[in-house]
Amino acid sequence: MTRYAVNKFLFQVDRDPELLAAYRAEPAAMVARWEVEFLPYLGAGNQRVERSTVHSLDDDERRALVDHDYVALFEMGAHYFLTLTIFIGIYEEDYMARSGPLAFQKEYREKLAHWIGRQYPSVEV
């Protein structure tokens, strides 16, 4: 897994309202766009400071991002805080309307409960 690329996606998209809205509406299109427009460059946002040595996501990473599969992302070593915060941004309002406060966070905890007592995947780059 190219942890750098996945974590960069999670961090960058979560902090940009336009990118987050696009990711929520059309995940496959947003992941493809991000991979071309943002991944090849170091720096945040539209800054084209210098080129990165990481130029693409692998198929499993791409699929997990497109499917919003935060369990798979976590198990591949994506940073747990980044997976939690981006998907709160995507799901919190819908979950809260349906099931009350912290409903998404509770689901996140339940889906990752099989990791309790185990060593978490490394988040080192």
Side-chain angles (χ1 to χ4, degrees):
M1 174 179 163
T2 51
R3 287 187 191 102
Y4 169 79
V6 171
N7 286 331
K8 179 179 177 180
F9 176 92
L10 296 169
F11 180 84
Q12 193 168 30
V13 172
D14 187 35
R15 279 141 187 85
D16 184 315
E18 182 266 324
L19 295 178
L20 187 62
Y23 182 47
R24 181 177 181 175
E26 295 185 52
M30 181 61 234
V31 170
R33 174 185 162 204
W34 181 87
E35 201 167 356
V36 171
E37 292 181 22
F38 297 96
L39 178 58
Y41 301 96
L42 299 175
N46 290 323
Q47 296 176 17
R48 304 289 195 251
V49 178
E50 61 182 283
R51 295 193 61 81
S52 171
T53 58
V54 179
H55 298 285
S56 66
L57 298 163
D58 70 31
D59 291 339
D60 292 333
E61 295 164 343
R62 196 175 296 107
R63 186 174 19 265
L65 288 169
V66 167
D67 293 344
H68 294 180
D69 188 348
Y70 53 86
V71 174
L73 291 167
F74 175 84
E75 291 176 345
M76 286 188 273
H79 197 282
Y80 42 85
F81 182 75
L82 297 175
T83 60
L84 176 61
T85 58
I86 192 170
F87 293 113
I88 286 173
I90 291 172
Y91 292 119
E92 184 171 46
E93 288 182 21
D94 295 338
Y95 275 64
M96 190 173 341
R98 186 175 63 237
S99 303
L102 300 176
F104 174 75
Q105 290 89 326
K106 291 174 184 175
E107 178 184 289
Y108 183 93
R109 179 195 66 216
E110 290 165 11
K111 286 190 174 184
L112 291 171
H114 61 283
W115 282 94
I116 294 173
R118 295 172 56 194
Q119 178 139 1
Y120 286 4
S122 174
V123 296
E124 291 182 38
V125 177

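This chain uses plain numbering: 1 for the first residue, then up along the sequence. Just so you know, these numbers use all the heavy atoms, side chains as well, and skip hydrogens, waters and symmetry mates. The model shown is predicted, which means the values in this text are computed figures rather than measured ones.
- Of all the heavy atoms in Lys8 and Leu39, the pair that sits closest is NZ-O, 3.7 Å.
- Leu84 contributes atom CG, which lies 12.0 Å from atom CZ of Arg109 (distance to the nearest 0.5 angstrom).
- Using a 4.0 Å cut-off between charged nitrogen and carboxylate oxygen, Asp58 and Arg63 do not count as a salt-bridge pair.
- The shortest side-chain heavy-atom distance between Thr85 and Leu10 does not fall under the 4.5 Å cut-off.
- The pair Glu107-Lys111 meets the salt-bridge criterion, since a charged nitrogen lies less than 4.0 angstrom from a carboxylate oxygen.
- Minimum heavy-atom separation, Asn7 to Gly77: ND2-O, 4.5 Å.
- Placement of Met96 and Ile90 in two distinct hydrophobic clusters is found when ILVMFWY residues are connected by side-chain heavy-atom separations under 4.5 Å, directly or transitively.
- Taking CG from Asp60 and CE from Met76, the interatomic distance works out to 6.0 Å, rounded to the nearest 0.5 Å.
- His68 has its ring centre less than 6.0 Å from the ring centre of Tyr91.
- Shown here for Tyr95 and Ala103, the closest heavy-atom pair between the two residues is O-CB, 3.6 Å.
- A donor-acceptor pair under 3.5 Å links the side-chain atoms of Thr83 to the main chain of Tyr80, judged by distance alone.
- Cluster membership for Leu102 and Ile86, using ILVMFWY side-chain heavy atoms within less than 4.5 angstrom, is not shared.
- A donor-acceptor contact closer than 3.5 angstrom is absent between the side chains of Tyr70 and Glu75.
- Nearest heavy-atom pair across Val71 and His114 is CG1-CE1, 4.2 Å.
- With hydrogens and angles ignored, the 3.5 Å screen pairs a side-chain donor or acceptor of Glu35 with a backbone N or O of Leu57.
- Not one N or O on the side chain of Asp67 forms a donor-acceptor pair closer than 3.5 Å with the backbone of Asp69.
- Distance check: Arg62 CZ to Ser56 OG gives 6.0 Å after rounding to the nearest 0.5 Å.
- Side-chain contact check for Arg33 versus Leu19: some heavy-atom pair is nearer than 4.5 Å.
- Ring geometry for Tyr108 versus Phe104: interplanar angle of 30 to 60°, hence tilted.
- Between Tyr23 and Phe87, the angle of the ring planes lies from 30° to 60°, which puts this pair in the tilted group.
- No side-chain donor-acceptor contact under 3.5 Å links Arg3 to the backbone of Ala78.
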